[in-house]
Amino acid sequence: MNFSILKDDYRTKKADCLILGINSNYKPSAADSFPEEIKKIIKQAFDEKTFTGEFKSVRHFTISERPYFCSSILLVGLGDSNEQISSVRYKKMIDAVYQQIKMQAYSSITILLDGFIQNRSCSSCIKSFVGELSFQNYRYTEYKSKPETPYNPDIAFATVEDDAEEALAYSTVLKDAIDEARDLQHTPGNVGNSVYFAGKAKELENKYSSVSVKILGRSELKQEKMSAYLAVCSGSSNPPQMCIINYRGAGEQVAPVAIVGKGLTFDSGGLSLKPASGMDEMKYDKCGACVVIALMDAIARLGLKINVVGVAAFAENMPDADSYRPGDLITARNGLNIEVANTDAEGRMVLCDAISYTVDTYNPEIILDLATLTGGCIVALGHIATGLIANDDNLAKELIAAGEKSNDKVWRLPLDEEYQELIDSKLADITNSAGREASPVTAGAFLSRFTGNIPWAHLDIAGTAWNSNGYKHPTGRPLALLLEYVVSKAGK
Ligand code: BES
Ligand code: MN
Ligand code: ZN
């Protein structure tokens, strides 16, 4: 989809379809700005009740007068103009628009944005339309011998608002990054191994002079005493690849924001093997790290005035003669001894060393991590909000706000002292699994031991990184949230 802003009179541009947002309390009056031909259609539709402006309803009309600047119009119902439309419902309305334009296969479309603004800003309308239309239109066709022809219409937003171009520029970078993240996330475990993704991370270095990329493999991790991270990889023939993507947009002295993503290219559970049913979905256990790669691409493309260190920590958790075992006692990079209660609690083993390395090496102002960490997070929050755990109230607040603004929501879970006791180990300092009770929180408590005194927030994206109903697909979440957060941070 190619999006553009149309500042000129929309009647000067030819289009297959003109899209109009119409309220249920719409009164076709003399003051109305629509051209006669279109006003006539709307009036007749209302008179005959074929279109009532009911929220989310869509109705397509062919224009009989030829030649005309548009060959059809699509009326989109927005309900009563006095009613506030939530972002969630607004998105559903855009989904209805998508279904129609795809079905009709329009190749040039003009959206009269003014009609869709209703209690929101022009820029938020543009962000919603570009985000949702692109999300719906995304297809992963890499392994289809006969892929469906891509639907690639030109879509112009007719508006005179000053901030339209800026909103579109941002939305374009965001949707490209989300598409990129989803491509990476879709890549199956047999192809998308750690070395494959390290190559993808490395590409950013050639693409941007502001980016440098360092890859730590088995021997580098050994040198750094990252035994917890290494333990997870010991049963796999794919080496660990810790990809450090360093973006410099501010002065050398400015402390960076660090963002660490869990990148399990496949999580079989290891010797604590997962059940067969649903195991295929564990190729999505790399979603966090894939978001980090695409996010760094977006940050560099926007040229934000901020320093960001993105860490994509790739590994594979497999059962093998060399696998780490339940009962193993392992000393992590920061000296903490870990009792391995369950080899399937591998995400925290990878992240703990990646976090402590990042804190010590880059002394970040803030450190975030994102991980498909616990099935318990899906039980708690379903597929709607990402779980948030933080050791800093202000950081938590900022992330919640960025989530609201980007419509990529998070919900904070507790990290009270009592939870820390649950990860005590009889044999070592901490256990990697405290069982099912409060598992997203105990996983967070585990990670909190490796952050030093740095403000830290953990995003458990187990429920939001992919969709397992019907056609299984990754979502690219929480890319929108993180880009929003980093942009607002860079602006300060
Ligand atoms: N990657 C999984 C978490 C997961 C499971 C995400 C299902 C999405 C869907 C993680 O490595 C894991 O296995 N977690 C265990 C931890 C437990 C052993 C303490 C879990 O949540 O069951
Ligand atoms: Mn696991
Ligand atoms: Zn996992």
Side-chain angles (χ1 to χ4, degrees), residues 185 189 192 194 228-229 231-236 238 240 260-291 312-320 323-328 338-354 369-387 389 413 419 422-425 430-447 458-469 472-475 477-478:
Q185 293 168 339
S194 53
Y229 191 155
V232 172
C233 306
S234 57
S236 171
N238 293 306
V260 182
K262 170 178 173 181
L264 266 286
T265 60
F266 188 70
D267 175 17
S268 67
L271 291 177
S272 312
L273 194 65
K274 286 181 180 295
S277 120
M279 203 203 270
D280 63 305
E281 293 185 34
M282 283 300 114
K283 69 178 173 197
Y284 300 130
D285 211 18
K286 58 180 179 274
C287 280
C290 295
V291 163
F314 290 103
E316 187 178 38
N317 189 18
M318 295 296 253
D320 181 79
S323 291
Y324 77 136
R325 314 152 192 80
D328 281 1
I338 304 168
E339 176 182 358
V340 179
N342 191 321
T343 64
D344 198 11
E346 85 299 337
R348 66 200 75 180
M349 301 290 287
V350 167
L351 288 173
C352 70
D353 279 345
D369 77 77
L370 55 155
T372 47
L373 205 61
T374 64
C377 194
I378 313 177
V379 176
L381 301 174
H383 301 285
I384 296 160
T386 291
I389 291 179
L413 301 170
Y419 289 107
L422 300 179
I423 58 166
D424 284 350
S425 159
I430 49 174
T431 172
N432 82 330
S433 169
R436 291 177 45 175
E437 286 183 12
S439 69
V441 180
T442 52
F446 183 98
L447 295 179
H458 156 66
L459 298 167
D460 193 330
I461 55 172
T464 52
W466 77 90
N467 205 319
S468 26
N469 310 325
K472 294 175 183 173
H473 61 270
T475 62
R477 284 180 72 182

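Keep in mind that what you see is a predicted model, and the values were worked out from it rather than measured. For the numbers below, each heavy atom of this structure counts, side chains included, while hydrogens, waters and symmetry mates do not. Counting starts at 1 for both ligands and their atoms, in listed order.
A donor-acceptor pair is defined here as one N or O able to donate and one able to accept, closer than 3.5 Å; no such pair exists between the side chain of Thr372 and the backbone of Gly288. A side-chain donor-acceptor contact under 3.5 Å links Asp353 to the backbone of Ala228. Ser234 contributes a side-chain N or O that, together with a main-chain N or O of Tyr324, makes up a donor-acceptor pair within less than 3.5 Å. At distances below 3.5 Å, not a single donor-acceptor pair connects side-chain atoms of Thr265 with backbone N or O atoms of Gly189. Thr442 places a side-chain N or O within donor-acceptor distance of the main-chain N or O of Ser439, the cut-off being under 3.5 Å.
Here the angle centred on the Mn ion (ligand 2), running from OD2 of Asp267 over to O of Asp344, is 160°, rounded to 10°.
Side-chain contact between Val340 and Arg325 is absent, with no heavy atoms from C-beta onward closer than 4.5 Å. Annotation: side chain of Asn432 is not in contact with side chain of Glu346 (no heavy-atom distance under 4.5 Å).
For the pair Lys274 and ligand 1, the shortest N or O to N or O distance falls below 3.5 Å. Below 3.5 Å of separation, one finds an N or O of Gly375 facing an N or O of ligand 1. Taking any N or O of Asp285, backbone or side chain, at least one lies under 3.5 Å from an N or O belonging to ligand 1.
Looking only at protein heavy atoms, the nearest one to atom 6 (C) of ligand 1 is Ala462 CB, 3.7 Å. Shortest contact from atom 18 (C) of ligand 1 to any protein heavy atom: Asn342 ND2, 3.4 Å. Considering only non-hydrogen protein atoms, atom 8 (C) of ligand 1 sits nearest to Trp466 CH2, 3.3 Å. When only non-hydrogen protein atoms are considered, atom 2 (C) of ligand 1 lies nearest to Asp267 OD2, 3.7 Å. In terms of protein heavy atoms, atom 14 (N) of ligand 1 is closest to Leu373 O, 3.4 Å.
Side chain to side chain, Ser272 and Asn342 meet the donor-acceptor criterion of an N or O pair below 3.5 Å. For the residue pair Trp466 and Glu281, a side-chain donor N or O sits within less than 3.5 Å of a side-chain acceptor on the partner.
Each of the atoms 1 (N), 2 (C), 3 (C), 6 (C) of ligand 1 lies under 4.0 Å from some heavy atom of Thr372. Of all the atoms in ligand 1, the ones that sit under 4.0 Å from a non-hydrogen atom of Glu346 are 11 (O). Numbered from 1 in the order shown, with element, the atoms of ligand 1 that lie under 4.0 Å from a heavy atom of Ser433 read 19 (C).
Between atom CD of residue Gln185 and atom NZ of residue Lys283 there is a gap of 11.5 Å, rounded to the nearest 0.5 Å. Note that the CG atom of Asn467 and the OG1 atom of Thr475 stand 7.5 Å from one another [nearest 0.5 Å]. Here the CD1-CG distance, from Ile461 to Asp285, works out to 9.0 Å after rounding to the nearest 0.5 Å. Distance check: Asp460 CG to Leu370 CG gives 10.0 Å after rounding to the nearest 0.5 Å. Here the straight-line distance linking atom SG of Cys377 with atom CG of Leu459 works out to 9.5 Å at 0.5 Å rounding.
By the criterion of a separation under 2.8 Å, the protein N/O/S atoms near the Zn ion (ligand 3) amount to Lys262 NZ, Asp267 OD2, Asp285 OD2, Glu346 OE2.
By the 4.0 Å heavy-atom criterion, Phe446 is excluded from the residues contacting ligand 1.
Of all N/O/S atoms in Glu346, OE1 sits nearest the Mn ion (ligand 2).
Residue contacts with ligand 1 for Asp344 involve both N, CA, C or O and side-chain atoms from C-beta outward (heavy atoms, distance under 4.0 Å). Counting heavy atoms closer than 4.0 Å to ligand 1, residue Lys262 contributes side-chain atoms (C-beta onward) but none from N, CA, C or O. At a heavy-atom cutoff of 4.0 Å, ligand 1 is contacted by the side chain of Ile378 but not by its backbone.
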Stepwise side-chain contact (heavy atoms from CB on, under 4.5 Å) test for Ile338 and Phe446:
CA-CA 10 Å; Ile338 304 168; Phe446 183 98; 3.7 Å; yes
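Across the listed options Arg348, Met282, Glu281, Met282 owns the non-hydrogen atom lying nearest to atom 9 (C) of ligand 1.
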